[in-house]
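Here is the naming used below: chain letters follow the sequence lines, and residue numbers restart at 1 for every chain.
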Amino acid sequence: MAEGSAAAGLAHRVRRTGGRRRLAAALLVMPLFVFLLVGFVGPIAALLARGVQDTEVPRVLPRVTAALAEWDGRGLPDDAAFAALVEDLRAARAAGTLAQAATRLNYDINGFRTLMFATARRLPVPGEDARAALIAADPAWGERATWAAIRRAAGPVTDFYLLAALDLKRDTDGAIVAAPAEQAIFLDVLARTFGISALVTLLCLAAGYPVAALLASLEPRRAAVLFAFVLLPFWTSLLVRTAAWVVLLQREGVVNAALLGLGLVEAPLQMIFTRFAVVLAMAHILLPFMILPLYAVMRAIPPGLGRAAASLGAPPWLAFLRVTWPLSLPGVAAGSLMVFIQALGYYITPALLGGASDQMISWFIAFYASRTVNWGMAAALSALLLVATAALYAVYARLAGETQARMA
Amino acid sequence: MSAPRTPLGRLGRVVHWAFTLAVLAFLVAPILAIVPLSFSAGSFLHYPLPGLSLQWYREFFGSPFWIDSVVNSLIIGAGATALATTLGTLAAFGLWLARLPGRGVVVAVLIAPMVVPSVVAAVGLLFAYAPVGLANSHAGMILAHTALAAPFVVVTVSATLSGFDRTLLRAAAACGAGPATAFRRVVLPLIAPGVAAGALFAFAISLDEVVVALFLAGPGQRTLPRQMFAGLNDNLSLAIAAAATILIALSILLMASVGWLRGRAARLAARTGQP
């Protein structure tokens with residue numbers, strides 16, 4: 001009886017210590033967790049949310065937004081909507097906010113910006129028939145497509161930017177159709193991003209696999225010497241390595257001077273601002289990320305297996321194909337995913353070494369965020385890149401195990 | 001790899017070695033090529049050098065743009081390192097202390113900055129920091145770099161803690177030490193090399209970071225990599241090679257120290273961890 005209660009008390013105390021320990025652990029993790037939630041994850045979530053929001057048109061043109069909510073989409077909206085638009089344009093012009101809504105509508109229909117400003121300059125006087133006056137100002141107001149575009153942008157949620165990121169849009173009836181050719185650039189950008197990343201990954205694998213295999217076959221002390229050649233670039237910053245390639249690949253740079261000196265070319269080659277330069281530099285920068293996991297996996301393959309295969313009569317190529325290669329596959333997968341994931345998000349290297357047609361998705365995100373300040377488009381493209389990265393990273397983490405994934 | 005016995009096998013081994021050495025040469029060649037250029041007496045971007053000179057280093061250290069960028073890098077690096085190391089070490093200790101409910105979510109948030117592509121992070125931070133006045137400020141850059149560097153501190157300190165003997169904590173408790181005292185007097189001295197490695201790692205991350213600086217830093221916060229990026233974009237002078245050489249030297253110094261400290265941490269843990 002007494003023994004039982006003592007045991008229960010002990011269990012209780014253990015539970016309580018466990019509870020107190022968990023509380024202490026939570027309090028210790030909390031500061032960084034909250035900081036990253038507020039200072040990093042929150043901002044990115046807010047950016048992504050911006051990709052599915054429409055705020056400009058409802059803010060700048062509130063009356064017509066409300067009036068169009070009742071419109072059935074067939075035929076033209078009623079007179080109240082025309083009158084509301086006149087009121088909104090007058091107010092927005094006075095407040096100087098018209099450009100915000102006009103820019104948003106111009107993303108959807110090219111020329112909408114001009115239409116808005118031209119109409120705002122020729123608004124009917126109060127008492128005049130709004131419908132007749134607007135259509136007289138510009139016949140576009142007599143078209144259903146114009147009004148449908150305003151309603152599509154009326155928010156609060158929109159799929160406009162996400163569809164645009166996939167070269168799609170909604171037509172006047174709300175059906176999803178292919179975007180007009182001059183706006184349909186993003187599938188090409190996505191294909192280019194995946195294509196460059198895949199090519200860089202293949203090159204890294206082709207160059208890295210034999211290196212890792214040789215290093216793994218050496219005794220650790222000798223391997224360590226050669227490993228310095230892998231770790232030196234690994235430690236050097238990405239910008240410095242990109243800068244090195246910028247300097248080397250100039251028209252009057254080291255590589256051209258050497259090629260000319262050796263008589264291999266007669267005139268300097270155009271290497272900088274080409275796809276070749278981008279792929280070469282990216283492969284160079286990412287190669288250590290391929291060699292390191294490959295080496296770690298191959299090191300763990302017992303060398304006796306190769307000898308066993310040989311003693312059973314397998315020629316070296318067969319022993320490789322049936323023993324070494326299958327056993328090294330986890331390293332191939334981990335290294336390839338690591339290289340591919342990082343390549344997808346590359347910005348600095350293509351920006352400095354590539355031409356206009358070599359820019360990857362990150363360049364377009366930067367372009368929309370900083371040059372045209374089209375947050376919606378920047379957010380939608382960010383969402384595409386982030387989803388691809390996170391999905392591949394989840395595969396990587398599952399393959400490599402949580403700890404190894406965090407160590408990489 | 002079995003030992004080659006046939007002539008064909010020997011030839012294969014020679015080709016394998018040649019290929020490996022070529023790849024290793026390729027890996028270090030750009031870095032080794034740019035360092036001597038920074039000591040050129042001329043202004044050409046190719047070899048042979050017309051002579052040796054420190055003129056590009058004089059230009060580097062004589063230019064207010066470059067000097068300001070070094071000062072900014074040091075201020076932002078120091079601030080981010082202090083914050084990231086403090087927050088990261090506490091979090092790593094917390095993660096080690098007990099298995100928290102919802103650990104998966106917690107770890108996902110803690111390592112998010114390692115996974116998110118740099119441009120997405122930079123644009124997201126600009127989007128959220130600008131309205132609250134943190135864009136174009138040292139404070140904003142320090143907070144951003146803290147977020148990017150903290151996961152590396154967590155990982156480095158966690159690796160050190162994984163070799164830490166838990167019975168030491170119980171021993172400390174038996175001697176009457178509260179959790180805070182035990183952490184300060186028992187845990188911290190033993191994992192100090194790991195914490196120092198994490199701090200150097202954090203500083204290296206901040207020192208190398210350029211994409212967030214491109215978006216978030218104003219003219220008053222231009223860091224060394226940001227200044228280099230600007231130089232690469234408009235006028236390519238060998239002062240860039242000098243800046244690159246300085247950064248290479250710093251990176252090597254920092255990472256060699258990290259390696260040394262990690263080894264030390266592992267040895268310390270091994271010594272105390274075994275009964």
Interatomic distance, OH@B:Y47 vs CG@B:L37, rounded to 0.5 Å, equals 4.0 Å

So, the part of A:V41 with a heavy atom under 4.5 Å from chain B: the answer is side chain

Honestly, the part of B:L238 sitting under 4.5 Å from a heavy atom of chain A is neither

Most heavy-atom pairs under 4.5 Å with chain A, out of B:W17, B:F19, B:F93, belong to B:W17

The interface call for A:L280 against chain B, heavy-atom contacts under 4.5 Å, is both

Q: Kindly assign one of parallel, tilted or perpendicular to the pair B:H46 and B:F44, based on the angle between their ring planes and the thresholds 30° and 60°.
A: parallel

Honestly, the part of B:L236 sitting under 4.5 Å from a heavy atom of chain A is side chain

So, the part of A:I291 with a heavy atom under 4.5 Å from chain B: the answer is side chain

Cut-off 4.5 Å, heavy atoms of chain A, and the answer for B:L97 is both

Looking only at A:P31, A:A257, A:A207, the option with the highest number of non-hydrogen pairs under 4.5 Å against chain B is A:A207

Okay, B:L254 and chain A: the region with an atom under 4.5 Å from a heavy atom over there is neither

Under 4.5 Å to a heavy atom of chain A? For B:F229 that would be both

Check: Under 30°, 30 to 60°, or over 60°: which ring-plane class applies to A:H284 and B:F26, parallel, tilted or perpendicular?
Finding: perpendicular

If one checks every heavy atom of B:T146 against chain A at 4.5 Å, the contacting part turns out to be both

Turns out that what part of A:L37 lies under 4.5 Å from chain B's heavy atoms comes down to both

Assert top hit (heavy-atom pairs under 4.5 Å, partner chain A, pool B:V211, B:V116, B:L126) equals B:V116

Ranked by heavy-atom pairs below 4.5 Å to chain A, first place among B:A204, B:P101, B:A128, B:A98 goes to B:A98

Turns out that what part of B:L134 lies under 4.5 Å from chain A's heavy atoms comes down to neither

Ranking A:P315, A:P210, A:A369 by heavy-atom pairs under 4.5 Å to chain B gives rank one to A:P210

Note: B:G77 and B:S206 closest approach over all heavy atoms is CA-OG, 3.3 Å

message = Could you tell me if the side chain of B:P113 sits less than 4.5 Å from the side chain of B:F152, heavy atoms only?
response = no

Under 4.5 Å to a heavy atom of chain A? For B:A144 that would be neither

Okay, A:W235 and chain B: the region with an atom under 4.5 Å from a heavy atom over there is both

Minimal heavy-atom distance between A:L203 and A:A283, with the atoms involved, is CB-CB, 4.4 Å

task = Check the angle between the aromatic planes of A:Y295 and A:F227 and answer parallel, tilted or perpendicular using the 30° and 60° thresholds.
result = perpendicular

For the residue pair B:S251 and A:T236, confirm or rule out a side-chain donor-acceptor distance under 3.5 Å. no

Turns out that what part of B:L148 lies under 4.5 Å from chain A's heavy atoms comes down to side chain

So, the part of B:W96 with a heavy atom under 4.5 Å from chain A: the answer is neither

Original post:
How are the rings of A:Y209 and A:F320 set to each other: parallel, tilted or perpendicular (split at 30° and 60°)?
Top reply: perpendicular

Show your working on ring-ring contact (aromatic ring centres under 6.0 Å, His included) between A:F40 and A:F35 and close with a plain yes or no. CA-CA 8 Å; A:F40 190 85; A:F35 170 73; 9.2 Å; no

Whatever's closer than 4.5 Å to a heavy atom in chain B on A:A49 counts as neither

